[in-house]
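Below is one structure, written out as C-alpha cells; the observations come after it.
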Amino acid sequence: MFQSDLLRSKRILITGGGTGLGKAAAGRFLELGAEVYICGRREEVLAATEQELRARTGGPIHWRRCDVRDAAAVEEMMGGIWADGALDVLVNNAAGNFLARTEDLSLGAFQSVIGIVLMGSLHTTLACGRRWLAAGRGGNVLSVTTTYTTTGSAYVVPSAVAKAGVQALMRSLAVEWGNRGIRMNAIAPGPIRTEGAFSRLLPRPELEQAAKERNPLGRFGTVEEFANLAAFLVSDGSGYINGEVVTMDGGEWLQGAGEFTAFGRQLSEKEWEMMKPKKRN
Ligand code: HXC
Ligand code: NAP
C-alpha cells in the first residue's frame with residue numbers, strides 16, 4: 001500500500017517496541033526503509049525482536065534497555081541515540097494496564113500505570129522535543145492512546161486518566177511547537193489481539209467473543225492495520241496532519257455511544273414491520 005522507500009532515512013524510536021503493536025510497527029517501518037530503535041525493560045525480549053526483525057527485513061534495528069518512568073534513564077538513552085544522529089520520529093507506545101475495581105487499587109498501582117503511560121510519554125517527548133528545538137529542526141511524535149480517552153472507562157481508571165493526559169499533551173504541543181516544524185498526533189486503537197493486552201484485559205474466552213460481537217465490523221483490528229496507519233502518520237505524506245487523534249476501532253466506540261443502537265438491535269422483524277407507516281387506501 002506504500003512506496004517501498006516511504007520512510008527512507010527516517011530514524012525512529014518506538015518505546016515498548018519489543019512486543020505487540022510496537023513490534024509490528026517496527027517491522028513495517030524497517031520494510032519501508034527506516035532505521036529503528038526499540039526500547040523496553042526486558043532485554044531478552046528486545047534482543048529477540050531485534051534478531052527476528054533484522055532477519056526478516058534486513059533493516060537497521062537497535063535496542064536499548066530503558067524504563068520510561070525514569071527521566072534520567074530516558075535522558076541517557078536519548079543522549080546515546082543522538083550521538084549516532086538525531087531521531088526524526090518518536091512513537092510513544094509503551095504502556096501498562098490491567099482490569100481492576102478502582103476502590104481496590106493501591107496508590108502504587110496508579111503510580112505504576114500513570115508513570116509508564118503519562119510520565120513515560122512526557123519524558124520521551126520532552127527529551128526529543130528539546131533536542132529538535134535546540135537544533136532548529138523539525139520532528140514528529142506519534143502516541144498510541146485508546147478510544148476511552150474522552151469517555152473514560154470503568155475498571156481501567158489509571159489507564160484512562162493517563163491516556164487522556166497523553167492526548168492533551170499531544171494536542172497542546174501540536175500547537176506550541178507546530179510553528180517550529182514539530183508534529184504531534186495519536187492513534188486510538190480499539191481491541192487488537194496482543195499477548196500484553198488480551199492477557200490482562202480479556203481474561204476469559206467468552207469475553208473475547210462478546211468484544212467482537214459488539215463491534216460493527218464483527219472482528220478485532222490487526223497489527224498490520226495498526227502498523228500501516230502508523231507508517232502513514234510518521235511519513236512526510238501526512239505532513240499537514242497535526243494535533244489529530246485517529247481512531248481505528250471498526251466503529252466500536254460510536255456503537256457504544258449511539259442512543260438507539262442497542263435498543264434497535266433487540267427489535268424483532270415483526271416489530272420493525274409494525275413500525276413502518278401504514279399504507280393509506
Ligand atoms: C491491581 C495491580 C495489578 C492488578 C499490579 N498492580 N497489577 N493492582 N490489579 N492486576 C499493582 C501492584 O500491586 C503494585 O502496587 C503496582 O501495581 C505495580 O506493580 P508491579 O507488578 O510492581 O509493577 P511492574 O512490574 O512495574 O508492572 C507494571 C504493570 C504490568 C503495569 C503492573 O501489568 C506491566 O508490566 N504491564 C506492561 C504491559 C501491559 O500492561 N500491556 C497492556 C497494554 S494494553 P503496590 O502498591 O503493591 O506497589 C492497553 C490498552 C488496551 O493499555 C485497550 C484495549 C481496547
Ligand atoms: P504490549 O505488547 O504489552 O506492549 C507494551 C510494551 O510496553 C511492552 O513491550 C513493554 O515492554 C513496554 N513497557 C511497559 N512498561 C514499560 C516501561 N516502564 N518502560 C519501557 N517500556 C515499557 O501491549 P500492546 O497491545 O502492544 O500495546 C501497545 C500500545 O497500544 C499501548 O500503548 C496500549 O495502551 C495501546 N493499545 C493497545 C490496544 C490493544 O488492543 N492491543 C488497544 C488500545 C491501545 P517491557 O515489559 O519489556 O518493558
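For this chain, numbers begin at 1 and follow the sequence in order. For the numbers below, each heavy atom of this structure counts, side chains included, while hydrogens, waters and symmetry mates do not. Counting starts at 1 for both ligands and their atoms, in listed order.
The distance criterion of under 3.5 Å between nitrogen or oxygen atoms is not met by Tyr148 with respect to ligand 1. Among the atoms of Thr146, none of the N or O lies under 3.5 angstrom from an N or O of ligand 1. Of the N or O atoms in Arg69, one or more lie within a sub-3.5 Å distance of an N or O in ligand 1. Every N/O-N/O distance between Lys163 and ligand 1 stays at or above 3.5 Å.
If you check each of Asp67, Thr102, Asn97, Asn93 against atom 40 (O) of ligand 1, the one with the closest non-hydrogen atom is Asn97.
Sorted by chain and number, the residues within 4.0 Å of ligand 2 by heavy atom are Gly16, Thr19, Gly20, Leu21, Gly40, Arg41, Arg42, Cys66, Asp67, Val68, Arg69, Asn93, Ala94, Ala95, Ile116, Val144, Thr145, Thr146, Lys163, Pro189, Gly190, Pro191, Ile192, Thr194, Gly196, Ala197.
Taking the centre and axis of the six-membered ring of Trp82, the NZ or CZ atom of Arg131 falls inside the cone set by 45° and 6.0 Å.
Note on Leu173: it does not cluster hydrophobically with Tyr240, by side-chain heavy-atom contacts below 4.5 Å among ILVMFWY residues.
Here the CD atom belonging to Glu35 is positioned 12.5 Å from the CG atom belonging to Leu7, to the nearest 0.5 angstrom.
For atom 48 (O) of ligand 1, the nearest non-hydrogen atom of the protein is Gly108 CA, 4.0 Å. The protein heavy-atom contact nearest to atom 31 (C) of ligand 1 is Gly96 CA, 3.7 Å. From the protein, the heavy atom lying nearest to atom 34 (C) of ligand 1 is Arg200 NH2, 3.6 Å. Of all protein heavy atoms, the one closest to atom 11 (C) of ligand 1 is Ala109 CB, 3.7 Å. Closest to atom 42 (C) of ligand 1 among all protein heavy atoms lies Gly196 O, 3.5 Å. In this structure, the protein non-hydrogen atom closest to atom 23 (O) of ligand 1 is Ser112 OG, 4.0 Å. Among all protein heavy atoms, the one lying closest to atom 35 (O) of ligand 1 is Arg41 NH2, 2.8 Å. The protein heavy-atom contact nearest to atom 5 (C) of ligand 1 is Phe98 CE2, 3.8 Å.
Ligand 1 does not have Gln111 within reach: every non-hydrogen atom of the residue lies 4.0 Å or more from it.
One side chain, Thr222 or Glu225, offers a donor N or O that lies under 3.5 Å from an acceptor on the other. Between His123 and Glu75, the side chains place no donor N or O within less than 3.5 Å of an acceptor N or O (distance only, hydrogens not considered).
Shown here, atom 9 (N) of ligand 1 is in close reach of the protein: a heavy atom of it lies under 4.0 Å off. For atom 21 (O) of ligand 1, no protein heavy-atom neighbour is found at a distance under 4.0 Å. Note that atom 46 (O) of ligand 1 has protein non-hydrogen atoms nearby, at separations under 4.0 angstrom. Distance check on atom 37 (C) of ligand 1: some protein heavy atom falls below the 4.0 Å cut-off.
Side-chain heavy-atom separations under 4.5 angstrom define the hydrophobic clusters, and Val175 shares its cluster with no other residue.
Put simply, the side chain of Val141 reaches to within 4.5 Å of the side chain of Met170, judged on heavy atoms.
Residue-level proximity to ligand 1 for Leu201 is carried by the side chain, the only part with a heavy atom below 4.0 angstrom. Residue contacts with ligand 1 for Leu105 involve side-chain atoms from C-beta outward but no N, CA, C or O (heavy atoms, distance under 4.0 Å).
Less than 6.0 angstrom separates the ring centroid of Phe198 from the ring centroid of Phe220.
Remark: Glu269 engages no residue in a side chain to side chain donor-acceptor pair (under 3.5 Å) (not counting sequence neighbours). By the side-chain contact (heavy atoms from CB on, under 4.5 Å) test, Asn140 is found to be paired with Val89, Arg183, Val234, residues two or more places apart in sequence or in another chain being considered.
Considering every non-hydrogen atom in both Ala162 and Val113, the closest pair reads CB-O, 4.4 Å.
Other residues, nucleotides and ligands contribute only 12 or fewer heavy atoms inside 6.0 Å of the CZ atom of Arg130. Other residues, nucleotides and ligands place more than 12 heavy atoms under 6.0 Å from the CE atom of Met275. Atom CD of Glu271 is surrounded by more than 12 heavy atoms from other residues, nucleotides or ligands within 6.0 Å. Within a 6.0 Å sphere centred on NZ of Lys279, heavy atoms belonging to other residues, nucleotides or ligands number 12 at most.
Between Asp88 and the options Lys10, Arg11, Arg137, Arg8, a salt bridge (Lys or Arg N to Asp or Glu O under 4.0 Å) holds for only Arg137.
Interface atoms of ligand 1 facing Ser106, defined by a heavy-atom separation under 4.0 Å, are 15 (O), 45 (P), 46 (O).
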